[in-house]
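Bear in mind that the values here come from a model prediction, so they are computed numbers and not experimental data. Chain A is the first sequence line, chain B the second, and so forth, proteins listed ahead of strands; every chain is numbered from 1.
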Amino acid sequence: MDFNALAEMLFPHITETPADVEAKYPPRNLPEGAKVTRFAPSPTGFVHFGGLFPSTVAERLAHQSGGVFYLRIEDTDAKREVEGAAEGLIKTLATYGINFDEGAILDESGKVADKGAYGPYKQSMRGPIYQTFAKQLVREGKAYPCFTTEEELDELQQVNKKEEIKNTDWQAEAESRRAEMLARRSFTMEEVKEHLDAGHPFVVRILANGDPEKKVKFTDLVKGAIEFPENDEDFVLLKSDGIPTYHFAHAVDDHLMGTTHVIRGEEWLPSLPKHVQLFSYLGFKLPKYMHIAQIMRLDENGNKKKLSKRDMGANMDDYTRMGYSPEAVCEYVMTLLNSNYEEWHAKNLDKPYTEFPFNIKKMSVSGCLFDFNKLNDVSKNILSRMTAEGVYEKLTVWASAFDPDFAEALTSDKEMAVKILSIGRGGKKPRKDLATWADAKPYMGFFYDKFFAIEDEYPAFDQDIIKATLEKFLETYNYADEMNVWFDKIKAIADSLGFASDMKAYKANPEAFKGNVADISAFIRVAVTGKQNAPDLYTVMQIIGEEKTRARISAQIDTMK
RNA sequence: GGCCCGGUGGUCAAGCGGCUAAGACACCGCCCUUUCACGGCGGUAACACGGGUUCGAUUCCCGUCCGGGUCACCA
């Protein structure tokens, strides 16, 4: 067969050669050891936690080595593309510290534009480039046109569509597909011409020369040595619309754009044989690969599953909505990515995570379960170290978007809000009440009449005692009292009611008392805050003010006739 | 089912032939304490199983089991 003629017949409009294209993509002039990495999402929706993971690795590796980190939009599937997704992706990534040196960026008008000399960075704009390389492969007899339609293929695949797939079905399908594939390989120039003349669409398939009996050895930077059978599947290079599949685009683009390290999710591991073969066919140097372990979730049966779009915590917008600060999420990601991050962080509390020496060797090879407990802990530590002012600023921003009522309360009296947020903050051992901005209202809402309600039960004592406590408190309460005086009065109430005012005495002999001063405090606390769990009561009363404090307690007494 | 990856406490994980098998989160207890927290101290809890190799296996090899991923003109 005259492959040259075939190539011309298939791609008459392609006049450039691969060498012409290569000339437009000179090698990058980068210092020794600089890594060129990329994030290459398909614009099909929001940013996924599973996407933030590898992109963080790629960003760190590039910037830590003085290399280049670029964004490539893999919009090769028009059917799945979502309007505006690329813009959203870029914005979201930026809030998590993922900034690109090159590639698809947002211009002044907020539209996706190219920056850098290795573009275009949108694959849909690169059709002729891929076709040039496809034409070359056809010319060399390494790829061929296939006129089998999707419908015909679907029929072959019916077995595959069933829910329950039996062993024999798999084998039958594999055999029939294989037979079909072999059949597609043989054709004559006349047949091709007829199809073309009739305007039939075609795809370009690779002519796989792999022997599945033979193994390819390969080293993944995180997985280590891997062995897999050579590829013998004639997978599609160019779809019938002339746009490449992921595999082909990956090979052509990462070669042309000078990617040194391909960082992607572990789910790509099985297609590695295809890529190895493709790079070899194309005469490209294989980049280094890092396949990152997946984030999992627990399904209803208690099994681990890959975190998917629908899951809570998959969409990065969820974190914004829940009120997690990006710093917390980033730091949590770091703890998952590098096992020694926490150790480093403990010693470098004031340094941003970007100063952490990220280490490929410390990356986990197995997947991990998403753990909200851990995220919350990381987050609490971060928020506890912020100033009251800082918390106020960020909290109001969040609240104005997700809880306008609360935002209004906050901003109507900034001074008070900051006072509230100052409680237990700033010292060596700050309180850790807030993991998210959404935690703020339950924590401090009671300061505002609008959000005040008796939420918790009083401790289990006779109502008479509780009522007596509240009455006695009102009799002696003086807003001007110093904390110690105020406290002594509470102790006096405890003594007068047969409660221990001294915790040690109580501990030594609990039977001798009805309860202790902690119980007495709890009565007052619930009356004033509606909760058993609220910060320092004295300070709370100082902020709320005498009038309101008395009013709340009186109101409680009235309910206890 | 084929292929690939993985398997240390509930979770994330140190470990890389000899250790009382780290640490963090969660949980529990004690201490501190007017409450709630914070903090301090302590505790429960793990090398999936079976064969090898070795003087000695969590560590190396093989098998089994379990978990995950993947098998498209989706990425």
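Applying the 6.0 Å contact sphere to CD of A:E227 captures more than 12 heavy atoms from other residues, nucleotides or ligands. Open room surrounds NZ on A:K288; 12 or fewer heavy atoms of other groups in view lie less than 6.0 Å from it. Atom CD of A:E343 sits in a sparse spot, with 12 or fewer heavy atoms from other residues, nucleotides or ligands closer than 6.0 Å.
Checking A:C368 against A:K274, the closest nucleotide of RNA chain B that is more toward the 5' end is the one next to A:C368. Take the nearest nucleotide of RNA chain B for A:K306 and for A:E227: the residue whose nucleotide is more 5' is A:E227.
The base of B:rU11 is not paired with the side chain of A:K304 by any donor and acceptor separated by under 3.5 Å. Not a single donor-acceptor contact under 3.5 angstrom links the side-chain atoms of A:T245 to the base of B:rC73.
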Close N or O pairs between protein and nucleotides 39-41 of chain B (under 3.5 Å):
residue: B:rG39; atom: OP1; partner: A:K432; partner atom: NZ; Å: 2.7

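Nucleotide B:rG29 forms a Watson-Crick or G-U wobble pair with B:rC41, both donor-acceptor distances falling under 3.5 Å. With a 3.5 Å ceiling on both atom-pair distances, the Watson-Crick or G-U wobble partner of B:rC3 is B:rG69. Searching all strands for a Watson-Crick or G-U wobble partner of B:rA57 with both distances below 3.5 Å returns nothing. Judged by Watson-Crick or G-U wobble contacts below 3.5 Å, the nucleotide B:rG23 has B:rC12 as its partner. Look at B:rA46: it lacks any Watson-Crick or wobble partner with both distances under 3.5 angstrom.
The side-chain tip of A:K441 points at the ring of A:F451 from less than 6.0 angstrom away and within 45° of straight on.
By the 30° and 60° cut-offs, the orientation of the rings of A:H250 relative to A:Y289 is perpendicular.
Distance CG (A:D433) to C1' (B:rC38): 9 Å, rounded to an integer number of Å.
Contact annotation: A:T76 reaches the phosphate of B:rA75 (side-chain N/O to OP1 or OP2, under 4.0 Å). For the OP1/OP2 pair of B:rC73 and a distance below 4.0 Å, the side-chain nitrogens and oxygens of A:S240 include no atom meeting the criterion.
Residue A:S364 is in sugar-phosphate contact alone, with no base atom involved, counting any heavy-atom pair closer than 4.0 Å across all strands shown. If you check every strand for non-hydrogen atoms under 4.0 Å, A:M483 touches a base.
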Going through the checks in order, is the ring-ring contact (aromatic ring centres under 6.0 Å, His included) test met by A:H247 and A:F235? CA-CA 9 Å; A:H247 310 296; A:F235 59 93; 5.4 Å; yes
